Amino acid sequence: MTMSGSELIADLQARGLIAQMTGDGELEEHLSSGCRTLYCGFDPTADSLHIGSLVPLLALRRFQQAGHKPVALVGGATGLIGDPSFKAQERKLNAAEVVTSWVERIKAQVSQFIDFKTGENSAEVVNNLDWIAKIDLLTFLRDVGKHFSVNNMINKESVKQRLDREGAGISYTEFTYMLLQSYDFAELNRLHGCTLQIGGSDQWGNITGGVDLTRRLNGNKVFGMTLPLVIKSDGTKFGKTETGTIWLDPAKTSPYAFYQFWLNTADADVYKFLRYFTFLPMAEIEAIEEADEVVQGRKSAQDILAREVTELVHGAEGLDAAERITEALFSGEIEQLTEDDLEQLKQDGMPASNLDKAGLGGQMLTGLFADCGLVKAGREAKDALGRNAVFVNGLSKGVEDNMKVAECFSPAQALYGRFFMVKLGKKKHHLFELT
RNA sequence: GCAGGGGUUCCCGAGUGGCCAAAGGGAUCAGACUGUAACUCUGACGCGAAAGCUUCGGUGGUUCGAAUCCACCCCCCUGCACCA
C-alpha cells in the first residue's frame, strides 16, 4: 500500500492527525519524490508506554505503509534530563540504571508497531544516548549551544508557565532539553538522512528547534509535523481511568482491561478515535458513522474501535482473550463457561485471587472484597450489598450475607468445585478460586 | 533577611473553643433509567460489620474540651531589600 505524498498528507488531514507542519506545503512534494526517512522520539519515563504514545507510534506506521522509512528513537539520553514542555513543575530525575532498563523495554514495545523487514524502508530503532553520551561539554556548547538564542527559548509557550509562575521555576538542566532533542534531529539527518520529525503537538517547539539546528549544522532542509493531543469531549484527561493509566504493556494493563477501555469510549469521541487509532480507511469509518446515526440502541463504533486497537496492540490472541472474557462476564451466563475457560480467564488477565477454604469462617464479605481490590474500602462493598448489587456465581447477596462467607463460598456452590465469579455492580468482576 | 498572607479530609474550598469526621462543589463508587453509554434523579463518600478508632503542616502547651487559642519549628504565597 504505497501512496503519494499528497495522498498520505490528505489521509492524515482527513483523520485530523495533523496539528502543525513546517515548510508551507513543501512537505507533500518532499514525501512524493521518494522514500523519506522520518523519526519520532519516545522518552523512557516509565517501564512502558501508555496509550498517549499510540498516536505518534501509529503515525510512524502510517508513513511506513506509504513507503517511507520510520526510525523510532528511544530517548536514553533525553530521558535522563526530562522534557519541560508544558509541564507545571520540575521533574525529579530518575536513576540512570533505571532509565537504562526502561530503554530496553520501550525499544521492544515500540518495535511491535513498525516493520523491520520491508527492504528499503525497513524500520530502525535508535537510542540517542549513543551519540549524546559521546559529545563533550565544550564541543556541545560551541557547536550546538551557540545556535540557540536564550531570548527565543524563554519566549516559547512550552516553558512559559515555568518562567512566569512564581515558585515554579525551571532548572538549567531541563532548559537544555530542547537543545538535546534538536541535536538528535541533526544527528539523525547526518547519520540516517532523516528529513522529517513527527511528535505530539506539545513537541512543536522542540521539533522546530531541530529543524533550525539541522539547517545550521548540516545545511539541510528538513521538516517537522505534529499530531494533535488527544482531547476527550468531556474535558477529562485521555488515557486515564479511575483505575489508572492505560498502558501498552499487557502485564500492566491486561488485554481485557485495554479492550474494555476502548469499548467504553463516549459516543462523542468514538468516531474521532476510529480516525486516530485505527487503520480503517476513511470511507469505512464514515460508513460506520452513518450507519450508527440511525441506530437506536448501542452503536457499533465502540465495538469496532475496541477490536481494532486491541488487535493492533495485543495481537489476535490478546483480542481473542479480551472478547472471551467480555462475552463470559457480560452475557450473564457464567455457568456456561467450561472449567478450561475459567482457567484461561485467569491467564488472560481476569482479576483473580485464591480463597483458603479453611480460613473463611471468621471473614466478612466486605473485608474479603476490600482485600482483593474489588472495592477500595469495605464501605463500598457494604453499600453494594445493601443495594443487592453483589452476585456470587449469579446468586444475589445482601447485607445479611456479610458474615456468611463460608456459606457463600461453599464448595457445593462453586463452579467445578472451586471457582466463584463475583460481580459487584454492573461492571466489576473478580474470580475466586478455592484452595 | 524584613513585612504581610497562608497550609483543612482525593482535589477545590468553608469552618476561627464545644452542636465537627468537619458546609458546599468537583472527582469517585453504587442504585434507578440506558446501550457495560450520555443526560437526569437517588444514596455512599477518613477507617471499621458494629461498638468504636484515627484526622484539619509538625511538635509541645493552655483548657473539662482545640481544626479553631499560645509557643517553637517546617513549607508555600505576596511585597520590599540583597545578589546587580
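Below, read A as the first sequence line, B as the second, and so on, with proteins coming before strands; counting in each chain starts at 1. Note that the structure is predicted; figures quoted are calculated from it, not measured.
The side chain of A:K426 contributes an N or O atom lying less than 4.0 Å from OP1 or OP2 of B:rA37. Look at A:R298 and you won't find any side-chain N or O under 4.0 angstrom from OP1 or OP2 of B:rU34.
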Pairs under 3.5 angstrom only: tabulate donor-acceptor contacts from the side chains of residues 93-106 of chain A to other protein residues two or more places apart or in another chain.
{"unit_1": "A:T100", "atom_1": "OG1", "unit_2": "A:A96", "atom_2": "O", "d": "2.8"}
{"unit_1": "A:S101", "atom_1": "OG", "unit_2": "A:V98", "atom_2": "O", "d": "2.8"}
{"unit_1": "A:R105", "atom_1": "NH2", "unit_2": "A:D249", "atom_2": "OD2", "d": "2.9"}

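Checked against side-chain contact (heavy atoms from CB on, under 4.5 Å), A:F391 has the following partners two or more places apart in sequence or in another chain: A:S396, A:K423. Applying the salt bridge (charged side-chain N to carboxylate O under 4.0 Å, His left out) test to A:E339 and every residue at least two apart in sequence or in another chain returns A:R418. With sequence neighbours left out, the side-chain contact (heavy atoms from CB on, under 4.5 Å) criterion links A:L141 to A:L137. Evaluation of the side-chain contact (heavy atoms from CB on, under 4.5 Å) rule for A:H50 yields A:T245, A:W247 as partners, not counting sequence neighbours. Qualifying salt bridge (charged side-chain N to carboxylate O under 4.0 Å, His left out) partners for A:R62, counting only residues two or more places apart in sequence or in other chains: none. Under the side-chain contact (heavy atoms from CB on, under 4.5 Å) criterion, A:D212 pairs with A:R215, A:R216, not counting sequence neighbours.
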Could you write out each protein N or O paired with an N or O of nucleotides 23-25 of chain B at a distance under 3.5 Å?
none

Could you list the protein-to-nucleotides 8-11 of chain B atom pairs, N/O on both sides, closer than 3.5 Å?
none

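Distance check on atom C1': B:rC47 versus B:rA37 gives 34 Å, rounded to whole Å. Across B:rC70 and B:rU78, the matching P atoms stand 26 Å from one another, rounded to whole Å. If you take atom C1' in B:rA14 and the same atom in B:rG26, they sit 15 Å apart, rounded to whole Å. Across B:rC45 and B:rG18, the matching P atoms stand 24 Å from one another, rounded to whole Å. Distance check on atom P: B:rA23 versus B:rA32 gives 28 Å, rounded to whole Å.
Taking every heavy atom of residues 260-270 of chain A and every atom of RNA chain B, pairs under 4.0 Å involve A:Q260, A:L263, A:N264, A:D267, by number.
Here side chain to side chain donor-acceptor pair (under 3.5 Å) pairs that include residues 377-386 of chain A, with residues two or more places apart or in two chains, are A:D383-A:R387.
Using a 3.5 Å distance cut-off with no hydrogens or angles, the side chains of A:T338 and A:D340 do not pair a donor with an acceptor.
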Can you give one letter per nucleotide of nucleotides 45-50 of chain B, going 5' to 3': B for a protein heavy atom under 4.0 Å from the base, S for sugar-phosphate only, - for none? S-BBBS
